[in-house]
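Below: one structure, written as structure tokens.
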Amino acid sequence: MSATHFTRRDVGKLAGAATMAASSATTAGAQTAPRADMARPAPRQFPSGFFWGTGTSSYQIEGAWNEDGKGPSIWDTYAHTPGKIKNGDTGDIANDHYHRYKDDVALMKGFGANAYRFSIAWPRIFPNGTGSPNAKGLDFYNRLVDELLAAGIAPFATLYHWDLPQVLQDKGGWQNRDIPKAFADYAGIVAEKLSDRVRHFFTINEFRSFTDGGYRGAEVQTGSGVLRLEAAPGLKLAPGDLNQVRHHAVLGHGMAVQAIRAKGKAGTKVGFADNLHATVPLIETPEHIKACQAATREANAPFVTVMLEGKYTDAYLKEAGKDAPRFSPEDLKLIASPLDFVGINVYKPNFYALASDQAPGWREIPFAKSHPTMFNRWLSLGPECLYWAPKFVQSLWGAQEIFITENGCASDDAVANEGTVYDTERVMFLRAYLTQLQRATADGVPVKGYFHWSLMDNFEWSWGFGDRFGLVYVDFKTQKRTPKLSASFFRETARRNAVA
Ligand code: PNW
């Protein structure tokens with residue numbers, strides 16, 4: 001059968017392929033040792049009650065950037081600045097999700113998701129950053145949550161996925177020590193309004209991406225070179241000022257946790273969603289594993305480590321020297337407010353490492369020049385990070401509940417003539433990474449859910465609409481949505497609660 005004759009019905013049949021009898025193989029098999037059933041490989045089963053979801057964020061999909069009283073965010077300003085985004089793309093319309101959310105919930109239901117991670121746009125709720133909430137903004141999320149619940153999909157809400165109200169940037173943004181308090185006030189109001197239906201809140205998404213990326217620019221190492229990442233508001237601060245921004249971000253998280261506890265319904269669960277930098281042992285021996293665990297703790301000193309330990313590591317403070325953040329013991333106590341779960345975005349090994357006799361006790365192994373990356377060039381392929389990241393979160397900090405809040409890859413998708421999107425590399429990526437995640441759960445690591453990034457292709461920040469991360473293809477001219485082959489893979493995985 002040639003690819004051009006491959007129809008949707010064929011794709012449907014793939015799910016039923018396991019029922020195919022291996023009759024022709026039995027004659028030989030009967031005479032020798034028992035063989036595994038070719039058509040029924042051993043299931044790589046996940047724990048029962050596992051959440052299978054996808055993720056998105058407000059600026060990346062909503063559009064309606066100036067509707068119903070929404071104020072501008074720093075991403076509106078940044079994307080409207082010529083030269084900042086590839087091809088001059090903006091999130092003004094994006095996926096028009098603000099108006100098409102019902103269709104989008106139906107898509108998720110179509111591929112069997114039982115959870116959805118979305119973010120709330122702070123400037124929809126508080127166009128002026130603070131003050132009294134905008135009822136129309138809250139209404140949108142009320143409608144979205146109701147639609148999700150009606151479809152049997154559990155809503156998980158992120159409070160900050162980088163779209164700071166521009167008015168607060170005008171007051172210094174995260175450089176200003178008053179912003180954490182403003183964030184906590186906003187978080188408290190949202191929890192008060194939504195926690196009768198939303199049981200899980202993430203405070204902040206990816207601390208490093210918006211602090212380092214937005215206030216200085218960050219660098220990512222790949223085999224073929226270094227990539228520079230920049231984000232709104234596009235500043236280039238000195239290291240000491242950047243460390244203070246990072247400190248205010250984790251402080252904002254801690255204060256928001258307190259506000260959610262104070263205003264949310266009893267039983268509301270709260271945590272963060274951070275892109276933990278996971279160091280992966282190149283060879284799995286006890287000494288290399290121990291070294292990588294220590295490296296993971298240090299690599300996250302200004303973010304996950306301080307939020308879970310309530311102190312900055314000695315090495316971080318020593319290395320920062322005069323540029324170390326200024327903080328009080330009360331700050332640290334707030335930053336480490338107890339959490340119900342830890343959310344981690346995991347795409348790639350931060351670096352591979354091996355143990356070393358020399359300080360700090362590990363040696364970074366650079367990615368080989370030919371080490372494969374996915375279509376988004378910063379993503380060096382390394383499925384084992386989805387084993388080691390949650391494993392170290394458990395072993396270092398004793399987390400009781402862990403969510404994989406993001407994982408996925410971009411591809412250069414196109415809709416084939418007969419209307420199918422053959423994203424074979426995303427299926428390959430998913431199977432490889434989920435096999436490692438299953439290995440973690442089988443080891444007793446308490447991973448409770450997996451959110452694939454993303455539900456659908458969307459505005460991929462500085463890369464605009466070119467880097468497609470969705471399980472669903474989006475034609476940005478017509479807004480037509482087409483589930484990719486990876487959506488069929490996801491559906492089968494969620495249905496079996498095992499790697500398909
Ligand atoms: C995350 N890196 O960003 C964000 O949370 C999403 O909004 C985004 O769409 C998704 O991952 C895909 O990029 C990242 O260079 C951006 O390592 C860059 C990196 C990692 C995550």
Side-chain angles (χ1 to χ4, degrees), residues 53-62 73-75 78-79 85-86 89 91 94-95 97 117-121 156-164 202-214 216-232 249 272-280 299-300 303-304 343-351 367 371 373-382 385-386 389 403-411 426 429 433 450-472 474:
T54 57
T56 60
S57 87
S58 45
Y59 186 71
Q60 292 179 277
I61 64 164
E62 284 178 1
S73 81
I74 56 172
W75 270 95
Y78 191 73
I85 313 292
K86 197 170 165 185
D89 291 343
N95 296 44
H97 171 78
R117 173 176 176 243
F118 62 98
S119 87
I120 292 166
F156 286 66
T158 306
L159 290 156
Y160 188 72
H161 203 123
W162 312 349
D163 41 0
L164 186 74
F202 303 105
T203 53
I204 290 181
N205 178 68
E206 294 204 354
F207 292 81
R208 195 185 300 265
S209 297
F210 80 92
T211 57
D212 292 22
R216 190 171 169 78
E219 285 178 351
V220 180
Q221 190 79 45
T222 71
S224 55
V226 173
L227 285 177
R228 200 176 147 75
L229 305 180
E230 285 178 9
F272 52 70
D274 192 44
N275 52 330
L276 177 91
H277 272 189
T279 304
V280 169
N300 297 284
F303 306 114
V304 173
I344 47 176
N345 297 355
V346 184
Y347 288 90
K348 65 192 198 74
N350 181 35
F351 53 78
F367 290 107
H371 191 102
T373 58
M374 302 306 289
F375 184 67
N376 51 319
R377 306 305 295 176
W378 54 262
L379 209 177
S380 301
L381 190 63
C385 64
L386 211 45
F403 287 98
I404 305 303
T405 34
E406 286 182 24
N407 168 252
C409 64
S411 52
R426 181 169 291 103
F429 179 98
Y433 276 68
Y450 170 88
F451 293 87
H452 187 77
W453 187 272
S454 178
L455 160 63
M456 53 184 165
D457 300 340
N458 58 47
F459 178 83
E460 177 56 12
W461 309 113
S462 305
W463 289 276
F465 295 106
D467 277 16
R468 297 177 171 273
F469 274 83
L471 293 181
V472 174
V474 178

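No experiment lies behind these values; they were computed from the predicted model shown. Hydrogens, waters and symmetry mates play no part in the numbers below; they use all other heavy atoms, side chains included. As the structure lists them, so they are numbered: ligands from 1, and atoms in each ligand from 1.
Between Y347 and W378, the ring centre distance stays below 6.0 Å.
By the 30° and 60° cut-offs, the orientation of the rings of W461 relative to F459 is perpendicular.
With hydrogens and angles left out, the side-chain atoms of T54 and R117 include no donor and acceptor closer than 3.5 Å. There is a side-chain donor-acceptor pair under 3.5 Å between D163 and S58.
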Derivation of the side chain to side chain donor-acceptor pair (under 3.5 Å) call for R426 and S411: CA-CA 7 Å; R426 181 169 291 103; S411 52; 2.9 Å; yes
Identify all N/O pairs between ligand 1 and the protein with a separation under 3.5 Å and present them as a table of atom names and distances.
{"unit_1": "ligand 1", "atom_1": "3 (O)", "unit_2": "E206", "atom_2": "OE1", "d": "3.2"}
{"unit_1": "ligand 1", "atom_1": "5 (O)", "unit_2": "H161", "atom_2": "NE2", "d": "3.3"}
{"unit_1": "ligand 1", "atom_1": "5 (O)", "unit_2": "N205", "atom_2": "ND2", "d": "2.9"}
{"unit_1": "ligand 1", "atom_1": "5 (O)", "unit_2": "E406", "atom_2": "OE1", "d": "3.1"}
{"unit_1": "ligand 1", "atom_1": "5 (O)", "unit_2": "E406", "atom_2": "OE2", "d": "2.8"}
{"unit_1": "ligand 1", "atom_1": "7 (O)", "unit_2": "Q60", "atom_2": "OE1", "d": "2.8"}
{"unit_1": "ligand 1", "atom_1": "7 (O)", "unit_2": "H161", "atom_2": "NE2", "d": "2.8"}
{"unit_1": "ligand 1", "atom_1": "7 (O)", "unit_2": "W461", "atom_2": "NE1", "d": "2.9"}
{"unit_1": "ligand 1", "atom_1": "9 (O)", "unit_2": "Q60", "atom_2": "NE2", "d": "2.9"}
{"unit_1": "ligand 1", "atom_1": "9 (O)", "unit_2": "W453", "atom_2": "NE1", "d": "3.0"}
{"unit_1": "ligand 1", "atom_1": "9 (O)", "unit_2": "E460", "atom_2": "OE1", "d": "2.6"}
{"unit_1": "ligand 1", "atom_1": "11 (O)", "unit_2": "Y347", "atom_2": "OH", "d": "3.1"}
{"unit_1": "ligand 1", "atom_1": "11 (O)", "unit_2": "E406", "atom_2": "OE1", "d": "3.0"}
{"unit_1": "ligand 1", "atom_1": "13 (O)", "unit_2": "E460", "atom_2": "OE2", "d": "2.5"}

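Judged by distance alone, the side chain of N275 and the main-chain N or O of N345 form no donor-acceptor pair under 3.5 Å.
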